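These numbers were taken from a predicted model, which means no experiment stands behind them. First listed ligand is number 1; within each ligand, the first listed atom is number 1.
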Amino acid sequence: MKIVVCIKQVPDTVEVKIDPKTGTLIREGVPSIINHDDKTGIEAALTLKEKLGGTVSVVSMGPPQADIALREALAMGCDEAYLVSAREFGGSDTYATSGILAGALEKVGYDVIITGRQAIDGDTAQVGPQIGEKLHLPQVSYVEEIVDATEEYVVVKRQFEDGYHIIKVKTPCLLTAIAELAEPRYMSVGGVFDAYQKEIKIIGFEDIKDGLELDMIGLKGSPTNVYKSFTKEMKGAGTVLRDLTPEQAVEAIVKKLEEKFII
Ligand SMILES: Cc1cc2nc3c(=O)[nH]c(=O)nc-3n(C[C@H](O)[C@H](O)[C@H](O)COP(=O)(O)OP(=O)(O)OC[C@H]3O[C@@H](n4cnc5c(N)ncnc54)[C@H](O)[C@@H]3O)c2cc1C
């Protein structure tokens with residue numbers, strides 16, 4: 001089985017700041033990590049490979065620095081890595097990004113594609129389902145567990161509001177992973193060594209331009225435009241209650257809510 005995981009390199013959210021003048025993310029000096037849902041997807045893919053055999057490939061679209069995320073995935077045990085990168089791809093919104101990734105995935109080949117549900121910086125949860133649509137694949141989002149899998153189908157448990165769906169989906173298919181799907185393994189020492197022996201394959205515009213016109217990618221091919229980004233203003237310092245027993249704390253909070261006619 002050929003399993004391909006889409007991974008996005010994202011800034012470590014705890015430290016994300018927005019430049020108040022330009023409205024863009026301040027990336028300098030901010031550590032980058034593999035988006036957590038995607039790391040979960042890597043773990044699920046490696047577990048599936050251990051069961052069924054085959055290979056796990058990782059694909060990331062981004063600047064050359066995304067190389068580090070791909071090497072981390074190789075060090076976790078993935079077999080091959082692709083960096084989708086070209087000047088023509090810059091400024092792409094989710095629609096253009098998913099078109100580019102779909103083109104790259106066609107080149108890589110797949111039986112099962114796993115994406116994260118959501119990237120912690122863009123936060124739209126659109127890219128996975130859009131890739132599925134563009135490749136005309138059956139897709140299951142919010143996958144919490146891979147219950148069973150063969151070369152022909154995958155059975156998954158899907159989170160659904162206050163319940164679950166158990167869905168059997170034919171391969172080739174696309175799954176979007178949520179954090180509960182798996183606990184990502186650590187990189188092994190041998191894995192880190194191997195990761196730096198392996199080549200990161202580059203997929204550029206020339207490699208996928210068939211079926212991908214210039215006006216379908218980059219800023220020109222992006223139907224949405226981020227008009228403004230800004231951090232929420234703090235409403236006030238708030239009140240911190242200290243050195244109270246749980247009972248005293250409850251009493252003090254209820255009193256405050258009553259004072260403000262909230263309850
Ligand atoms: C007008 C506009 C211009 C933009 N310009 C830029 C820009 O110049 N530079 C820039 O960095 N961003 C840019 N963005 C943001 C960029 O479009 C999004 O970061 C990207 O499309 C992914 O969306 P998301 O973060 O919401 O991912 P989600 O849809 O939340 O991600 C879901 C899953 O899709 C997969 N995925 C998402 N993105 C990638 C990726 N790049 N590689 C591999 N897998 C992925 C991951 O598995 C992820 O967990 C722009 C956005 C807009 C609207």
Side-chain angles (χ1 to χ4, degrees), residues 3-11 13 16 18-19 22-28 30 32-45 56-70 72-73 78 81-105 107-108 110 112-135 137 139-143 174-179 181-182 184 200-203 208 215-229:
I3 311 155
V4 186
V5 188
C6 293
I7 64 169
K8 184 178 182 195
Q9 191 184 44
V10 293
T13 38
V16 163
I18 291 175
D19 184 326
T22 61
T24 55
L25 285 183
I26 301 171
R27 290 181 187 267
E28 290 83 48
V30 179
S32 291
I33 53 170
I34 298 178
N35 182 53
H36 186 74
D37 284 350
D38 309 354
K39 223 170 168 178
T40 301
I42 294 174
E43 179 60 41
V56 177
S57 310
V58 274
V59 173
S60 187
M61 173 179 152
Q65 301 90 285
D67 174 279
I68 297 166
L70 290 165
E72 185 179 342
C78 296
Y82 295 86
L83 175 65
V84 184
S85 200
R87 205 165 350 105
E88 292 86 344
F89 302 157
S92 294
D93 69 356
T94 61
Y95 187 79
T97 298
S98 57
I100 295 163
L101 283 171
L105 288 159
K107 193 171 167 60
V108 171
Y110 52 80
V112 174
I113 298 170
I114 303 179
T115 74
R117 173 195 50 175
Q118 193 162 347
I120 56 172
D121 56 349
D123 248 354
T124 66
Q126 292 174 356
V127 172
Q130 283 177 354
I131 293 173
E133 280 297 304
K134 286 182 175 164
L135 294 175
L137 292 176
Q139 55 174 289
V140 188
S141 55
Y142 285 74
V143 172
L174 182 141
L175 312 175
T176 81
I178 58 171
L181 177 60
I200 304 280
K201 295 164 195 158
I202 308 289
I203 297 182
I208 52 172
D215 61 2
M216 295 160 72
I217 58 172
L219 267 183
K220 219 173 154 193
S222 296
T224 57
N225 202 328
V226 178
Y227 173 65
K228 190 178 175 188
S229 275

* Asked: Thr176 side chain to Tyr142 main-chain N or O, any donor-acceptor pair under 3.5 Å?
  -> yes
* Asked: side chain to side chain donor-acceptor pair (under 3.5 Å) with Gln126: which residues, sequence neighbours excluded?
  -> Thr94
* **Qualifying residues under salt bridge (Lys or Arg N to Asp or Glu O under 4.0 Å), relative to Asp93, sequence neighbours excluded** =>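 Not a single residue meets the salt bridge (Lys or Arg N to Asp or Glu O under 4.0 Å) criterion with Asp93.
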* Structure fact -> Residue set satisfying side-chain contact (heavy atoms from CB on, under 4.5 Å) with Ala177, at least two apart, ordered chain then number -> Ile114, Leu181
* Asked: Taking the side chain as C-beta and beyond, is there a heavy-atom pair between Ile208 and Phe89 under 4.5 Å?
  ->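 In contact.
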* For ligand 1, list the protein residues that place a heavy atom within a distance below 4.0 Å of one of its atoms, sorted by chain and number. => Cys6, Ile7, Lys8, Asn35, Asp38, Val59, Ser60, Met61, Gly91, Ser92, Asp93, Thr94, Thr97, Leu101, Thr115, Gly116, Arg117, Gln118, Ala119, Asp121, Gly122, Asp123, Thr124, Ala125, Gln126, Val127, Gly128, Thr224, Asn225, Val226
* **Where Ser92 and Ile100 come nearest, the two heavy atoms and their spacing** =>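 Taking every non-hydrogen atom into account, OG-CD1, 3.5 Å.
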